[in-house]
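Letters A, B, ... mirror the listed sequences (proteins, then strands); counts begin at 1.
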Protein chains: 2
Amino acid sequence: MTATAPRPGPRVVALGPRPETGLLSTTAVGSTNRARVLQALADHGPLSRADLARHSGVTRASIGGVAAGLLTEGVLHELESGTGGSRRIGKPSRPLWFADRGPLGAVVLQPGVVEVGVVASDGRVSVRESVALPPVRSAAELDAAAVDAVRTVLGPTRQPLIAVGLALPGFFGPDGEILVSTTIDTLPGSRLPALLAAATGTTVVLEDDARALALGQRWFGQARGVRDFAALQIGAGIGAGIMLDGRLLRGPLVASEVGHMTVDHDGELCRCGQRGCWETLASSRWLHRRSEQAGLPEPETMTPRRLTELADTGDPAAAEVLDDYAGHVALGIVNLFHVLSIPLFILHGPIVEAGPRFLDRLREHVAARTMSALNALPTITMDENATRSGVLGAAAAAITHQLGVSL
Amino acid sequence: MTATAPRPGPRVVALGPRPETGLLSTTAVGSTNRARVLQALADHGPLSRADLARHSGVTRASIGGVAAGLLTEGVLHELESGTGGSRRIGKPSRPLWFADRGPLGAVVLQPGVVEVGVVASDGRVSVRESVALPPVRSAAELDAAAVDAVRTVLGPTRQPLIAVGLALPGFFGPDGEILVSTTIDTLPGSRLPALLAAATGTTVVLEDDARALALGQRWFGQARGVRDFAALQIGAGIGAGIMLDGRLLRGPLVASEVGHMTVDHDGELCRCGQRGCWETLASSRWLHRRSEQAGLPEPETMTPRRLTELADTGDPAAAEVLDDYAGHVALGIVNLFHVLSIPLFILHGPIVEAGPRFLDRLREHVAARTMSALNALPTITMDENATRSGVLGAAAAAITHQLGVSL
DNA sequence: CGAAAATGTATGAGACGGCTACAAATCAAG
DNA sequence: CTTGATTTGTAGCCGTCTCATACATTTTCG
């Protein structure tokens, strides 16, 4: 599993930790160190060999060897001297940075819609399009519609893609077979990864949608260089991609369902069949019902954005609903903070459009709900990339595999 | 940080993940592989070189080299041929097993009591004693009382200890300074680790109490060879040691407080200042109050054991309380299962004395509360070692460090 | 112009696992 | 009892990789 030798032919890769059983070999040292160097670059931006040596605690000579390999393989290239270097004296450094090896495909499957994009390896998004899917009745129909949508968007692309990232809301096995999805009920049994590999002619890298969001933030967003954080997707449902100590949490048995953590043990019935799930209090479904109770206009299509606009115009009922929403969202965040001690939460989804005032209220609720004995609070921010985060996440999944980085 | 060269002189080690930044070196390969071999032995029992080679996917020659080093260093020794070997044909194997390098000390600090023990490296407990502590007013007084208790118990021991494991309910820094404790308010600022090192003359390995329980199960208990499970301590408070993918979860910022996960968002006030924490519904405090409401005798000292005995005599009120208790304990377990997909929970503490019928009820509650869409349930068992689990956990922490295993 | 400082490289040494062949020990069949 | 099959553990050689050290190169400062 070297970081750099691309295998010919399309295939499917399910992102996941390598089995850590088994012993290290000397060649494994090489590929691991290559991956660590690439990770350091992604975390800190262009770095010279000397900088990399300081960061990783090895001699310049060792970095020189690693870098030589990556340069000849075309993974890295040297920037102009002076770029990013802060030193004034001495021989100027030659910073290393990722060479552009071609565009990455990004496919994000959501209920009723497929988002398709093309992303450069430095995170620039050149294509991004959402394609609505027709109603489908089976996994096969879903696959056909999704592949069709991807073809339509990626068809005009000239350059061949070097890899395709596929983010979808489901739990999959090591070979990319989709086992469970609590969001899209036609998804289990889908052969979409393999079909996409065939359609695009390249490797398809499969990842859970929430974890992909986290990867996107880690490679291209606010979590660059951050080893502990969570990406929270809050919309119709709630999902989380959680990175602890530089590793994405991946449950061993079933999907991670933070949205169905009980926060109100004899609360309302959730669509999952249980009572008082976080989703029953913090999803758009709750927002609709609560808006209706509050007599707000068009409650059945209420969004965080409209609710904020109503509150900003001075509607006290809207302001109250918004505050309740903040309090409910805070519940789950505080639970995750208490249990996992996650220091940074990045919010994604429609909730972002509730804006900075909502965020302030959310922070207050979180502060009020957090145990004071801990003497600490998590940082909470909102996704800055808005519509691009989905494709960035899928692309990040692809690049993670492509560079052999283990996250 | 080799697995085997003991540094002279007492010192304090806070168990924790090595910083994974930095590159691998060839010598690191050696120590990592030594640790992996030791881990495999601990997981599977005595194994021959050939068995180890099969488990780890390397050649017998490579294992031979690793084993040679561990044998000459006295970490391992060879058992008689035939022990544990199942093969009938061929040259008989010489199984490898841990050499007895001396006893481990184990100290478990709890509110008002110190548990002190001596444990052999194969998990046999030769000494175990609980010493009540006098009321203390400061960290210094606590330290003095605890060191005194340890001296009293370990004084008569002849053999020198090769390491001492110290388990305590608190969050500590990398140098063993104790920062936060939600259980013992005189603990922050304690210098107990350093004082113990001075008193015993050996290395003191520091670990959180719940995580130590998990380590004990991993090395000596029901989680031998299991890479994903949680040890739950349920008594006056609730703590959890969670192992995922072979690594103990360690929050980066503050202590992990599963007991203060909100399960009832406008529930009763918890002693932590928040509302509806799991502890308000599943701790002994709740048991006392609920027993009082139900009119049970001596409610203020009610224990799971007495409650079970009452229920077994046919007291319907006791049976109802017990069932509520099971339902409340299930809440947190289900949350952890939904969020982290933990497939195995091992229960510790007074709750174990509620017996197998209670466990069955608990399992039913968990099954009822778990999302059916996941098509999976966690396994729930009870600690089999009862009173020995505490010292086994502390000893496991010591052995983990002593063997250089990273958990 | 020369010293100082910093970067990148060349070279040899040491550690370590992989591979292959081989000796050793046991059982089963004749 | 002998022979072959089977399995275990080991010896020797090789390739890979980092480490330590010295050195060439390029810039700044006095």
Sub-4.5 Å side-chain heavy-atom contact between Val164(B) and Leu104(B):
no
Is the shortest side-chain heavy-atom distance between Leu206(B) and Leu15(B) below 4.5 Å?
no
Would you mind listing every ring pair (Phe, Tyr, Trp, His ring centres under 6.0 Å) that reaches into residues 48-78 of chain B, with sequence neighbours excluded?
His44(B)-His55(B)
Under-4.0 Å side-chain N/O to phosphate OP1/OP2 contact, Asn33(B) with dC16(C)
no
Quick check for you: to the nearest 0.5 Å, what is the distance between Ile242(A) atom CD1 and Phe229(A) atom CZ?
10.5 Å
For Arg250(B), enumerate each residue passing the salt bridge (charged side-chain N to carboxylate O under 4.0 Å, His left out) test, keeping only those at least two apart in sequence or located in another chain.
Glu207(B)
Base-contact (B) and sugar-phosphate-only (S) positions in nucleotides 19-25 of chain C, heavy-atom cut-off under 4.0 Å, - elsewhere:
B----BB
For the pair made of [atom1] in [X] and [atom2] in [N], what is the distance, rounded to whole Å?
X: Arg49(B); N: dG17(C); atom1: CZ; atom2: P; result: 15 Å
X: Leu23(A); N: dT16(D); atom1: CG; atom2: P; result: 20 Å
X: Leu79(B); N: dT8(D); atom1: CG; atom2: P; result: 16 Å
X: Arg94(B); N: dT7(D); atom1: CZ; atom2: C1'; result: 13 Å
X: Leu24(A); N: dT16(D); atom1: CG; atom2: C1'; result: 13 Å
X: Ile63(A); N: dA20(D); atom1: CD1; atom2: C1'; result: 16 Å
X: Glu78(A); N: dG8(C); atom1: CD; atom2: C1'; result: 9 Å
X: Arg54(B); N: dT7(D); atom1: CZ; atom2: P; result: 9 Å

Could you pick out which residue, Ser25(A) or Gly64(A), lies toward the 5' side of DNA chain C when each is mapped onto its nearest nucleotide?
Gly64(A)
Start with the C-alpha distance between Arg101(A) and Glu73(A), add both sets of side-chain angles, then the distance that settles salt bridge (charged side-chain N to carboxylate O under 4.0 Å, His left out), and finish with yes or no.
CA-CA 11 Å; Arg101(A) 308 233 288 161; Glu73(A) 285 164 9; over 6 Å; no
What I want to find out is whether Asp245(A) reaches Arg227(A) closely enough, with some N-O distance under 4.0 Å, to be called a salt bridge.
yes
With respect to the side chain of Ser93(B), which nucleotide from dT18(D), dT8(D), dG17(C) is positioned closest?
dT8(D)
From the set dT18(D), dT8(D), dG18(C), return the single nucleotide nearest to any side-chain atom of Val58(B).
dG18(C)
Comparing Ser48(B) with Gly30(A), nearest DNA chain D nucleotide closer to 5' gives the residue Ser48(B)
